[in-house]
Amino acid sequence: MDEIKLIEIKESILTDNDIAAEQLRSRLKAEKTFVVNLMSSPGAGKTTLLLQTLAALKQTYKTGVIEADIDSMVDAEKIRAAGIESVQLRTGGFCHLDSNMVKQGLEALGSEGFDLVFIENVGNLVCPAEFDTGAITNVMILSVPEGDDKPLKYPLMFSTCDVLVINKTDMLSLSDFNMNTLYGHISRLNPNMNIFEVSAKTGDGVKQWADWLKQQVSDFLQ
Amino acid sequence: MHELPITENILTIVLKHAAAGHVRQVVSITLDIGELSDLEDEWMQHYFDYLSKGTVAEGAKLKINRIPIALRCNGCGKTFEIEKSMIGKSTCPSCQATGDFSLVSGRQYHIKEMEAK
Ligand SMILES: Nc1nc2c(ncn2[C@@H]2O[C@H](COP(=O)(O)OP(=O)(O)OP(=O)(O)O)[C@@H](O)[C@H]2O)c(=O)[nH]1
Ligand SMILES: [Mg+2]
Ligand SMILES: [Zn+2]
C-alpha cells in the first residue's frame, strides 16, 4: 500500500474569477466606464426598471446594456426598441454571469465609448451573489410580491449588494409586505446599503434612484 | 445551483497541486465553505465524480467543512456566531443592538488540503 500524504492547498476556489473581476474593474476605471450589475429573482422588474432608468439617463450619458437572458432575445429587443445599444449574452442555462462573460459582453458592445453600461444578470438570487462580475456597483431589485422575508432566505445577495431597489411598491396595499420588517433585516445584514422604493410601473420613486445613480456616475467620471 | 462551475474550479486547482506533488491518486479533498453559500454537498460530489473521470482525482471524496456565520457589532465591537436562519433577525449578545452589524465570516470558499498517494 502506498502511504497517504497530506498536501496543503489553501487556495480560494473563486480565485480565478475574483482576479479576473478585479482586473476588469481596474480597466473600467481607467477607461471610465461605469458598470452596474442588476440582479433579482425572475420577474422582479429588472427590464422594466432598466427602461425607466435609461429614459432618465440616456440624455446625459452614453449608455449600453448587456443582457443575460437564459435563451431568448426578448429583453435585448425591448432595450433596442427604446433606442439603446444592447448585446445579448447566450448563457445557455448558466445560472449566473462571471467576469469573463461580462468582458465578452463589453467587447461585443465596444465598451470604450460608453460612460455607463448596465448588466441584466440572470434572474436568481443565489448564484449571481457568488460571482463578482467586475461591475463598479451591484444593485439588487426586490419586488413587493416576493415578500419582506427575502433577506432571511438569500442573505448573501443582500449582504453583497451596494443598492437595494424595492420595486412594485404600487402593490403594497395588496400584500402583507412590511417595510419596517424589511429595513430591520437589512440593518443587520448590510447597514450601509442604499435603499430606494420605486414602482417601475407608475414611475414613483424612479427619479430618486436615477438621480442617485447619475451622481455616482458623475463622481466616477471625474 | 452553480455547483458545476465551482466543481470545475476545484478540480483544476487540485490537479495543479497533484501534478506539482507528483501524486498518483487523490484520496480526499477538504473544503472550507461558509454557511452562507448555498452549495449542495451531494451535487458537488456528483459533478466532481463526473468531471474527474480519467484524472488522478477520480474517486476522490470531497470533505466539506461548513464555516459558521459570524457578525461583528459595529456598536460595541463584539463578534458573535449565528445560525443562517437568524441572519436578519439577530441581536448583539453583548449590547443588545439589533442592527449595524458587519459580516466577518460565512463567505469562505477554500480548498484546505488533500490526501493523496
Ligand atoms: N405592478 C407592477 N408591475 C411591475 C412593476 N415593474 C415591473 N412589473 C411587471 O412585472 C413583470 C416582470 O417585469 P420585468 O421587467 O420583465 O422583470 P425582469 O426582472 O426583467 O424579468 P426576467 O428578465 O424575466 O427575470 C412585467 O409584467 C412587468 O410589467 C411595478 O413596479 N409594478
Ligand atoms: Mg428581464
Ligand atoms: Zn453590540
Side-chain angles (χ1 to χ4, degrees), chain A residues 1-20 91-101 122-132 147-160 180-193, chain B residues 1-14 16-18 20-21 23-39 69 71 73-75 82 84-92 97-103 106-117:
Chain A
M1 264 309 274
D2 282 332
E3 208 176 304
I4 292 184
K5 56 185 174 184
L6 194 65
I7 300 176
E8 277 210 344
I9 297 187
K10 288 200 171 144
E11 268 195 51
S12 165
I13 300 169
L14 296 175
T15 308
D16 287 355
N17 185 57
D18 287 349
I19 292 172
T91 53
F94 233 54
C95 50
H96 62 273
L97 292 182
D98 64 19
S99 55
N100 278 324
M101 294 188 240
V122 180
N124 101 50
L125 293 179
V126 179
C127 317
E130 313 255 29
F131 292 85
D132 190 344
D148 54 32
D149 61 348
K150 285 297 165 290
L152 306 182
K153 297 188 178 165
Y154 305 100
L156 191 58
M157 179 59 84
F158 282 84
S159 59
T160 51
N180 288 331
T181 308
L182 179 74
Y183 278 80
H185 297 324
I186 304 288
S187 77
R188 291 167 164 95
L189 272 173
N190 189 350
N192 298 323
M193 203 171 202
Chain B
M1 291 172 85
H2 48 264
E3 285 81 358
L4 183 59
I6 289 286
T7 310
E8 279 171 345
N9 287 353
I10 295 172
L11 182 63
T12 307
I13 294 169
V14 162
K16 182 183 79 185
H17 284 266
V23 159
R24 282 179 300 109
Q25 196 191 341
V26 180
V27 178
S28 75
I29 300 156
T30 307
L31 308 173
D32 285 340
I33 297 194
E35 287 279 8
L36 270 176
S37 128
D38 291 280
L39 293 177
I69 299 168
L71 300 178
C73 172
N74 295 327
I82 53 162
K84 187 171 180 184
S85 60
M86 289 304 293
I87 189 149
K89 299 188 272 197
S90 41
T91 301
C92 171
T98 57
D100 200 10
F101 302 142
S102 310
L103 186 70
R107 293 198 57 185
Q108 290 83 349
Y109 249 118
H110 284 95
I111 308 182
K112 185 167 177 251
E113 61 199 16
M114 65 186 186
E115 289 178 311
K117 293 198 271 207

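Numbers restart at 1 for each chain; the letters A, B, ... are given by sequence-line order, proteins then strands. In what follows, every heavy atom counts, from backbone to side chain, and hydrogens, waters and symmetry copies are set aside.
- Residue A:L14 holds its CG atom at 6.5 Å from CG of B:N9, rounded to the nearest 0.5 Å.
- In this structure the side chain of B:I6 never reaches within 4.5 angstrom of the side chain of A:E130, judged on heavy atoms.
- Of the inter-residue distances, the one linking B:E115 atom CD with A:I4 atom CD1 reads 5.5 Å to the nearest 0.5 angstrom.
- Going from atom NZ of B:K112 over to atom CD1 of A:I9 covers 11.0 Å, rounded to the nearest 0.5 Å.
- Taking all atoms of both residues into account, the shortest heavy-atom contact from B:R107 to A:A129 is NH2-O, 3.8 Å.
- The shortest distance between side-chain heavy atoms of B:L71 and A:R188 does not fall below 4.5 Å.
- Note: B:L39 CG to A:I13 CD1 = 7.5 Å, rounded to the nearest 0.5 Å.
- One finds the NE2 atom of A:H185 at 11.5 Å from the CD1 atom of B:I87 (value rounded to the nearest 0.5 Å).
- Applying the side-chain hydrogen bond (donor to acceptor under 3.5 Å, both in side chains) test to A:D132 and every residue at least two apart in sequence or in another chain returns A:R25.
- B:S85 OG to A:K153 NZ: the interatomic distance, rounded to the nearest 0.5 Å, is 12.5 Å.
- Neither the backbone nor the side chain of A:Y154 comes within less than 4.5 Å of any heavy atom of chain B.
- For A:S12, the parts lying near chain B are the backbone and the side chain together; criterion is any non-hydrogen pair under 4.5 Å.
- Per-residue heavy-atom pair counts under 4.5 Å with chain A were compared for B:D100, B:T98, B:I69, and the maximum is reached by B:T98.
- For a heavy-atom cut-off of 4.5 Å, chain A lies close to B:V27, B:L31 in residues 25-32 of chain B.
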